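The next block holds one structure in the form of structure tokens; read it before the comments.
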Amino acid sequence: MPDDLRVQIQPLHELIRAMGLPLISHDGVEADDVLGCLAIKAAQAGFQVVISTGDKDMAQLVNEQIMLENTMSDTRMDVAGVVAKFGVKPEQIIDYLALIGDSVDNIPGVPKVGPKTAAKWLEQYGTIDNLLAHANEIKGKIGDNLRASIEQLVLSRQLATIQVDLALPYALDDLKKQAIDTARLTELLTQLGFSSWLKTLNQQPLVTTPVQASLVEDSLIPDYEAVLTQQQFDTWLHELMQAPVFAFDTETTSLDYMTAEIVGVSFAVTSGKAAYVPLAHDYPGVPEQLNRDQLLTALKPLLESPEHLKLGQNLKYDSHVLANHGIQLRGIAHDTMLASYVLNSTASRHNMDDLAKYYLGITTIAYESVTGKGVKQIGFADVPIEQATPYAAEDADITLRLHRVLQQKLSQHAKLHQLYTELEIPLISVLARIERNGVLLDTDMLAKQSLELSDQIIALERHAHDLAGQPFNLGSPKQIQDILYEQQKLPVLKKTPKGQPSTDESVLQELALSYPLPKAILDYRSLSKLKSTYIDKLPQQVDAKTGRIHTSYHQAVAATGRLSSSDPNLQNIPIRSEEGRKIRQAFIAPAGYQLVAADYSQIELRIMAHLSADAGLLHAFSAGLDVHKATAAEVFGVEPERVTQDLRRSAKAINFGLIYGMSSFGLAQQLGITRAQAQTYIDMYFDRYPGVKQYMDSTRELARTQGYVETLFGRRLYLPDINAKNAALRQYAERTAINAPMQGTAADIIKRAMLACDQWLTSTQSDAKMIMQVHDELVFEVAESVLDKSIATIRELMSSAAVLSVPLVVDIGVGANWEQAH
DNA sequence: GGGCGGTTATA
DNA sequence: GTATAACCGCCCG
């Protein structure tokens with residue numbers, strides 16, 4: 001055993017014990033044999049057994065009760081799976097292995113015989129014994145090899161055979177899972193740096209069911225039905241039409257909402273009972289399914305009816321999928337993902353599997369366990385209906401059960417319930433429309449920019465190599481580190497969290513004042529970022545059918561209540577640098593239309609004014625002053641007209657710092673001043689704006705006593721670390737406590753504005769569309785004929801989305817492209 | 001291919 | 001000092 005492997009064994013054993021998993025260590029026998037013995041013993045006692053291993057030898061143990069689980073692909077192999085993979089039955093695996101040999105296990109095998117030949121022989125002759133009885137029928141060199149190996153094959157078979165009859169001193173009870181030793185496990189995971197597992201560990205289920213040894217069968221047997229006949233479907237449709245609300249889910253061909261097609265749909269009306277209607281499964285021997293188009297036509301009135309209420313998990317996706325088949329989903333009453341998010345936005349994930357575990361204590365069938373994952377993953381249409389049905393029907397059933405639990409919890413918090421019903425639920429359809437609308441992209445312009453940037457990047461690369469005196473990969477921080485700090489001996493100004501000398505932007509900027517190479521690296525980094533992330537990537541993400549870019553907005557990701565955007569992220573399109581801004585020129589309006597960009601001016605500071613009710617701040621906004629200038633005048637004690645650009649810049653940093661819950665340290669870094677100086681600025685600020693000081697103190701206090709903070713509309717953000725002993729954790733929670741009400745209230749307000757704008761657009765059928773949201777900005781594509789009227793309406797709707805004690809000012813720009821509209 | 005670290009784009 | 005998403009390099013199995 002290599003030394004670096006040897007040292008891992010003991011920590012691994014400790015981890016396993018702390019996890020409550022029984023650990024068996026038995027000298028003098030093969031681990032495979034121990035596994036085999038226990039598996040057989042459990043199977044004989046009537047259990048279903050799953051052996052988790054990548055070892056193909058174990059395939060010889062597979063039978064009706066024993067399966068192999070491959071944790072790399074999250075798939076399980078049964079008898080049919082063994083035949084599919086090896087071409088022989090489980091009971092032939094020993095002979096199969098003996099024939100092909102295995103260098104790792106020192107099984108010699110027959111020369112020139114590989115998997116194909118072995119499977120072919122065994123199919124024909126059944127066993128090695130019978131094969132040898134007919135050995136003279138095998139022609140050629142390979143036949144000679146076989147006949148020469150007769151004696152060796154006896155040994156090979158012994159070596160390949162897993163001993164299942166060892167006398168082991170273990171009872172099945174010894175295999176039961178024990179309780180997790182949370183304290184010990186936390187200690188080990190921290191010490192070993194398993195940060196992701198630490199997070200998982202902290203998300204203990206709300207419902208603590210007695211530990212289910214996977215050996216014990218579940219008592220509740222759900223009634224899941226595959227709907228294959230018209231009669232079955234009619235019965236279900238009738239029930240759905242009568243139901244006050246039903247759970248609904250789709251299975252599709254793709255995760256890409258614009259191209260996904262329906263493979264099947266599932267429904268549930270009562271707990272424990274659900275139907276899966278397969279519609280487009282496609283594999284050899286697939287049974288006859290109901291016709292997809294006809295069935296969807298039959299379902300259309302129900303799905304489009306606002307009176308028939310639906311609930312689901314992430315219904316925005318199902319809404320898109322149905323739209324791909326010409327159905328406009330209406331009557332969205334509940335979404336378990338959003339209920340979970342509103343109840344606790346700091347939970348890291350709101351997917352159904354985790355929710356089921358947390359709220360119901362149920363382990364659901366994982367998607368990957370029916371489709372596999374990675375390269376081996378198959379589409380849902382390729383999944384046999386017998387396997388698809390329990391998975392898909394369970395989705396609808398569990399969603400329904402989750403819904404009941406979540407509603408019960410939401411009903412205990414009037415404000416959260418209102419936020420959920422009146423804001424998040426109606427927003428689903430609005431976001432779906434924005435996503436579907438998409439944005440038009442000038443790909444020719446980006447192609448030109450790409451060529452120009454390529455030249456510049458190559459030149460910068462050459463320049464940097466010259467300065468370094470050797471070629472190196474400018475994209476590798478590790479190599480840059482070596483060049484700057486090892487070879488050129490530049491001073492180390494900052495270290496990464498891992499203790500390596502940092503090469504990030506702030507460091508290179510500082511170094512660039514005295515040395516040439518850091519500047520070249522900075523320029524290279526900024527240009528290659530623009531090229532790879534935006535200029536080259538965006539054109540590839542244009543939808544083939546619509547010719548537009550369709551982002552995904554995530555409604556249950558950001559803890560503060562903000563949306564996030566991905567694939568592509570349209571909320572971080574460059575604007576600050578000259579070259580970056582050019583990318584915005586490629587976001588265009590079609591002929592006859594203009595882009596209208598409307599953003600809230602200083603919304604978070606205005607919210608701070610409102611929440612703190614500070615007289616000075618309220619006055620600044622009510623009088624329509626330049627707030628940074630006003631702050632500068634107050635803090636630096638000069639007349640407003642004497643405020644220089646430099647003073648204004650400092651005041652702006654202070655204002656932003658306040659929103660982020662700053663410390664003097666952070667402000668000092670931002671402004672390049674000493675900590676003492678920064679502290680005097682902050683002291684002066686709080687002296688001039690005492691209401692703000694008071695608000696910050698009381699917010700921190702409130703967070704400490706109740707464990708969460710709220711936005712103006714009652715959205716909650718929990719702060720479990722607010723009373724932590726660890727100062728870093730506690731201070732971080734304090735900064736979040738300060739920031740979340742402001743960032744979150746801004747998010748609530750723009751969501752309200754989005755509902756209002758959508759209401760206006762859909763009710764008037766105006767020739768205008770909402771196409772993007774960037775936290776404090778909404779972008780519209782508006783027909784020139786209705787431009788002026790639309791601008792006025794947008795301004796009115798956004799300004800009145802909330803009533804604060806200061807005006808909500810909206811700045812609006814218009815242009816043929818997004819850059820011009822700013 | 002997956003996970004993670006380092007870095008950088010936005011509000 | 002807040003909140004995100006995504007890229008590349010590197011390491012691992």
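Residue numbering restarts at 1 for every chain, and letters A, B, ... go by the order of the sequence lines. Source: prediction; values computed, not measured.
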### Query
Any salt bridge between A:Asp523 and A:Lys519, counting N to O under 4.0 Å?
yes
### Query
Heavy atoms under 4.0 Å, any strand shown: does A:Ala733 hit a base, just sugar-phosphate, or nothing?
nothing
### Message
Need one value for A:Gly475: base, sugar-phosphate or nothing, where a base atom within 4.0 Å counts as base even if backbone is also close, heavy atoms only.
### Response
sugar-phosphate
#### Entry: Main-chain N/O of A:Ile573 paired to A:Arg584 side chain as donor or acceptor, under 3.5 Å
yes
### Query
So, A:His350 side chain and A:Val557 main chain: donor-acceptor pair closer than 3.5 Å or not?
no
Closer than 4.0 Å, any side-chain N/O of [X] to the OP1 or OP2 of [N]?
| X | N | result |
| --- | --- | --- |
| A:Thr560 | C:dA3 | no |
| A:Thr533 | C:dC7 | no |
| A:Ser564 | C:dA3 | no |

### Query
Which of these passes side chain to side chain contact (heavy atoms under 4.5 Å, CB included) with A:Ile722: A:Arg704, A:Arg730, A:Arg700?
A:Arg704
### Message
In this structure, how many angstroms lie between the C1' atom of C:dC7 and the CD1 atom of A:Ile583, rounded?
### Response
13 Å
### Summary
When rounded to whole Å, the CD to P distance for the pair A:Gln541 and C:dA5 reads 15 Å
### Task
Take nucleotides 6-11 of chain B nucleotide by nucleotide from the 5' end and write B, S or -, depending on whether a protein heavy atom sits under 4.0 Å from the base, only from the sugar-phosphate, or from neither.
SSBBBB
### Query
Do A:Asp614 and A:Tyr695 touch side chain to side chain, with heavy atoms closer than 4.5 Å?
no
### Query
Below 4.5 Å, heavy atoms only, C-beta onward: do A:Phe587 and A:Ile549 meet side chain to side chain?
no
